[in-house]
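Keep in mind that the numbers below use all heavy atoms, side chains included, and drop hydrogens, waters and symmetry copies. Order of the sequence lines fixes the chain letters, A, B, ..., with proteins taken first and strands second; residue numbering starts at 1 for each chain.
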There are 2 protein chains.
Amino acid sequence: MELKAFQDYLNSQRLKFTRPRRLIFKEIFSSKKIHPNAYEIHRRLKRKGQKVSLASIYRTLSLLVRCGLVSEIDFGENHSHYEPDVVKVAHGHLVCLSCGEVKEFSHERILTILSKIGKESHFMTDKFSIQVFGYCANCQKK
Amino acid sequence: MELKAFQDYLNSQRLKFTRPRRLIFKEIFSSKKIHPNAYEIHRRLKRKGQKVSLASIYRTLSLLVRCGLVSEIDFGENHSHYEPDVVKVAHGHLVCLSCGEVKEFSHERILTILSKIGKESHFMTDKFSIQVFGYCANCQKK
DNA sequence: TTTAATGCAAACATTTTGCACCCTG
DNA sequence: CAGGGTGCAAAATGTTTGCATTAAA
């Protein structure tokens with residue numbers, strides 16, 4: 001699984017598999033539907049009685065993004081959210097502007113089109129970010 | 001044109017068409033390919049000898065976003081960029097991760113697909129945000 | 001002349017960094 | 001036990017806000 005990939009990366013770079021890194025990794029990969037931000041990870045760990053500094057959380061997140069195991073996403077707020085990059089089709093997010101609910105969707109066809117667009121502009125495309133903002137069924141009733 | 005729409009909106013809300021608002025509006029709408037951030041607008045106005053405070057720029061930008069004349073976009077940095085919402089097909093951005101160049105693209109088909117996806121999830125979709133990150137032709141050579 | 005808008009500086013929120021101490025390998 | 005990692009607090013960055021003053025309408 002992905003933990004092995006993380007450890008392999010750390011070894012290859014002569015970096016260490018420390019307690020904070022283990023906890024942060026576990027927190028992100030065990031709650032795949034959450035898209036937490038740094039503060040949320042901090043809060044969840046604290047609630048479980050695990051003290052890890054916010055600084056370490058930011059440092060570990062950027063490490064995980066750097067080695068390709070985690071993606072940084074933006075939901076139009078003034079901070080970033082993070083999600084594990086598990087082996088699955090790339091996807092976008094439906095974000096409710098009222099309650100903040102986030103629902104994932106994937107659509108092979110969109111990626112095909114985006115890749116083609118990149119090619120036409122001679123861009124070497126690396127990653128895509130697709131967000132759809134609107135109002136979920138629940139919030140429309142109100 | 002769009003200036004009229006802005007003035008109409010201000011009138012309808014009993015807001016005033018002030019010097020800073022006029023300058024900021026003009027700056028955004030006269031440089032449509034720039035996607036400036038707040039600080040960039042500030043810098044450009046200053047260079048032209050026009051002093052407008054950053055606070056007013058932020059206030060006016062949020063006003064323009066609120067009335068639908070300007071869109072806020074995120075290029076994966078820690079600040080927002082802005083672009084005028086002229087009457088044209090919605091579009092996405094190709095962003096070069098090396099030099100920061102931004103190229104727009106539009107593709108009717110993507111919007112059709114995204115609208116359909118929203119409908120399937122009973123989302124009332126409001127707006128889309130599509131960014132493709134990669135490396136432009138120039139930066140690939142290096 | 002009334003009411004909203006501005007500029008300034010201080011407050012905020014998020015993220016990064018310097019440094020003394022700690023711990024993994 | 002050497003070198004990277006941590007926590008803390010301070011700094012940096014981007015954005016918002018309170019307030020006295022200015023200026024549209």
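When the side chains of ILVMFWY residues are joined at heavy-atom separations under 4.5 Å, either directly or via intervening members, B/Leu63 and B/Phe25 end up in a single hydrophobic cluster. With hydrophobic clusters built from ILVMFWY side chains whose heavy atoms lie under 4.5 angstrom apart, B/Leu114 does not share a cluster with B/Met124.
In this structure, B/Arg21 reaches the sugar-phosphate backbone alone: every heavy-atom distance under 4.0 Å involves primed, P, OP1 or OP2 atoms, never a base. Residue contacts shown for B/Ser80 are limited to sugar-phosphate atoms, with no base heavy atom under 4.0 Å away.
Counting to the nearest Å, the C1' atom of C/dG7 and the NZ atom of B/Lys46 are 13 Å from each other. Nucleotide C/dG25 holds its C1' atom 16 Å from the CD atom of A/Gln13, rounded to whole Å. A/Asn78 has its CG atom 14 Å from the C1' atom of C/dA11, to the nearest Å. Rounding to whole angstrom units, CZ of residue A/Phe17 and P of C/dC22 are separated by 23 Å. We find that OH of A/Tyr39 is positioned 9 Å from P of C/dT14, with the value rounded to whole Å. Atom CZ of A/Arg43 and atom P of C/dT14 are 13 Å apart (whole Å).
Among pairs with a residue in residues 109-132 of chain A, none fulfils salt bridge (charged side-chain N to carboxylate O under 4.0 Å, His left out), at least two apart in sequence or across chains.
In summary, contact between chain B and DNA chain D, defined as any nucleotide atom under 4.0 Å from a heavy atom of the protein, begins and ends at D/dG14 to D/dA25 in the 5' to 3' direction.
Direction change of the helix axis from one end of the helix from C/dT1-D/dA25 to C/dG25-D/dC1 to the other is 40°, with five pairs defining each end axis (rounded to 10°).
Among the nucleotides C/dC8, C/dG25, C/dT6, the one closest to the side chain of B/Lys51 is C/dC8.
Between the side chains of B/Ser62 and B/Arg66, a donor-acceptor pair is found at a separation under 3.5 Å.
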